[in-house]
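What follows is a single structure, written as structure tokens, with notes after it.
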Amino acid sequence: TILSEQGSAYGDTVAPYYQFIPYIFISAFVFALCPVIMVMTSKEIKNRTFSSAISSKRFLFETALGSLAFMAVIYVLVCIIVPVVVFGCEMSKEIKVAMFNALAFTVFTGTLVLFISNLVVNEALISLIGNIISLGMSFLCGVFVPLQYMDGGVRNVATFLPAYWYEILNNALAGTAGQVYSDSLAVKCILIQLFFAAALVFATLAVLKSKESRHGDSRHTLKPAAAQ
């Protein structure tokens, strides 16, 4: 386990910085990637692309690879380079756990981007949805207001949001908000965030299946009309 003295050292250096990672990542990834993915997966772009020599699998793979590359660059810059170079942190256990914690939240944010991109039809709604999710989760989960100052009822609601478990682990590393670090707590918080990510993957697949079924129904209704 991490001793309280080590935790306080982490709390005095980069814990306040890592506290804002959920807001930074949700805002950056949703606002930057969702419009791009929506355009790339639009019917017009798909028809133009698939009419060329590029296969659908290659198109989807390259779109996903570009999104992952962008997220990887932001993660390395924000969660590794800044703490090590700007804050001068050593690669201690606290920093490594904090990086894994941020990586788990990055995975969740990536699945959130996929879900929003496939759910939203109007690109103008992305700004509204992105602000609601980023600001709402930040206020409820201890990003803007530290957990120790939040009402018990609000914290009970926040347990249903992944950013809350991110902040629980960050506070445990810092020794704040009454949290005491343990390896089991770290595993629990990271797995819960990944569980939310998996849930969004299934939700995205459900949305895609619903879209395919609607498109299939529309094609079936158009064929008899064309025959007449």
Side-chain angles (χ1 to χ4, degrees), residues 1-29 71-72 74-84 86-112 133-203:
T1 59
I2 297 178
L3 299 176
S4 60
E5 293 154 2
Q6 295 173 316
S8 63
Y10 170 83
D12 292 338
T13 53
V14 290
Y17 170 77
Y18 272 104
Q19 179 178 323
F20 286 90
I21 292 296
Y23 176 73
I24 295 172
F25 278 6
I26 292 176
S27 299
F29 295 155
M71 294 175 66
I74 297 299
Y75 170 79
V76 171
L77 176 65
V78 174
C79 298
I80 298 178
I81 294 179
V82 171
V84 173
V86 177
F87 290 95
C89 297
E90 298 179 357
M91 293 299 291
S92 60
K93 182 176 181 179
E94 308 99 287
I95 296 297
K96 291 178 182 178
V97 173
M99 289 177 179
F100 276 113
N101 193 27
L103 181 60
F105 197 83
T106 303
V107 173
F108 162 76
T109 311
T111 59
L112 177 66
I133 295 176
S134 61
L135 293 175
M137 201 175 293
S138 296
F139 277 112
L140 290 173
C141 298
V143 178
F144 293 158
V145 181
L147 289 175
Q148 59 265 35
Y149 301 122
M150 294 177 62
D151 180 72
V154 176
R155 293 186 60 167
N156 289 335
V157 173
T159 57
F160 295 97
L161 299 171
Y164 173 81
W165 298 100
Y166 172 90
E167 295 297 341
I168 285 290
L169 181 52
N170 188 61
N171 280 287
L173 290 169
T176 57
Q179 300 297 323
V180 178
Y181 177 85
S182 67
D183 291 337
S184 60
L185 177 65
V187 172
K188 174 184 175 182
C189 292
I190 290 174
L191 287 180
I192 289 176
Q193 294 177 69
L194 296 178
F195 171 80
F196 279 104
L200 280 179
V201 169
F202 285 111

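Sequential numbering from 1 along the given sequence is applied to the chain's residues. None of these values were measured; they are calculated from a predicted model.
Counting heavy atoms from C-beta on, the side chains of Ile21 and Tyr18 come closer than 4.5 Å. Within the 4.5 Å cutoff, no side-chain heavy atoms of Glu90 are placed close to those of Ile95.
Annotation: ring pair (Phe, Tyr, Trp, His ring centres under 6.0 Å) contacts of Tyr23 (sequence neighbours excluded): Phe144. Residues forming a side chain to side chain contact (heavy atoms under 4.5 Å, CB included) with Thr111 (at least two apart in sequence, or on another chain): Phe108, Ala197, Leu200, Val201. By the ring pair (Phe, Tyr, Trp, His ring centres under 6.0 Å) test, Tyr17 pairs with Phe87, sequence neighbours left out. When the ring pair (Phe, Tyr, Trp, His ring centres under 6.0 Å) test is applied to Phe25, the partners found at least two apart in sequence or on another chain are Phe29.
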Listed pairs under 3.5 Å, donor-acceptor, residues 149-162 side chains, sequence neighbours left out:
{"unit_1": "Asp151", "atom_1": "OD2", "unit_2": "Gly153", "atom_2": "N", "d": "2.9"}
{"unit_1": "Arg155", "atom_1": "NH1", "unit_2": "Leu147", "atom_2": "O", "d": "3.4"}
{"unit_1": "Asn156", "atom_1": "ND2", "unit_2": "Gly152", "atom_2": "O", "d": "3.3"}
{"unit_1": "Thr159", "atom_1": "OG1", "unit_2": "Asn156", "atom_2": "O", "d": "2.5"}

Contacts table for residues 184-195: side-chain donor-acceptor under 3.5 angstrom, sequence neighbours left out:
{"unit_1": "Ser184", "atom_1": "OG", "unit_2": "Ser182", "atom_2": "OG", "d": "3.1"}
{"unit_1": "Gln193", "atom_1": "OE1", "unit_2": "Phe105", "atom_2": "N", "d": "3.4"}
{"unit_1": "Gln193", "atom_1": "NE2", "unit_2": "Asn101", "atom_2": "OD1", "d": "2.7"}
{"unit_1": "Gln193", "atom_1": "NE2", "unit_2": "Cys189", "atom_2": "O", "d": "3.3"}

Atom pairs and distances, donor-acceptor, side-chain atoms in residues 170-179, under 3.5 Å, two or more places apart:
{"unit_1": "Asn170", "atom_1": "OD1", "unit_2": "Tyr10", "atom_2": "OH", "d": "2.7"}
{"unit_1": "Asn170", "atom_1": "ND2", "unit_2": "Ala15", "atom_2": "O", "d": "3.2"}
{"unit_1": "Asn171", "atom_1": "OD1", "unit_2": "Thr176", "atom_2": "OG1", "d": "2.7"}
{"unit_1": "Asn171", "atom_1": "ND2", "unit_2": "Glu167", "atom_2": "O", "d": "2.7"}

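Shortest non-hydrogen contact noted between Val84 and Met91 is CG2-SD, 4.0 Å. What you find for Thr109 and Met71 is that their closest heavy atoms are C-CE, 4.5 Å.
Pairs engaging residues 133-147 under the side chain to side chain donor-acceptor pair (under 3.5 Å) rule: none recorded [sequence neighbours left out].
Side-chain contact check for Ser92 and Glu94: at least one donor-acceptor pair (N or O, by modelled atom type) lies under 3.5 Å.
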* To do: For the pair Met137 and Tyr166, evaluate side-chain contact (heavy atoms from CB on, under 4.5 Å) and give the outcome as yes or no after the intermediate values.
  => CA-CA 11 Å; Met137 201 175 293; Tyr166 172 90; over 6 Å; no
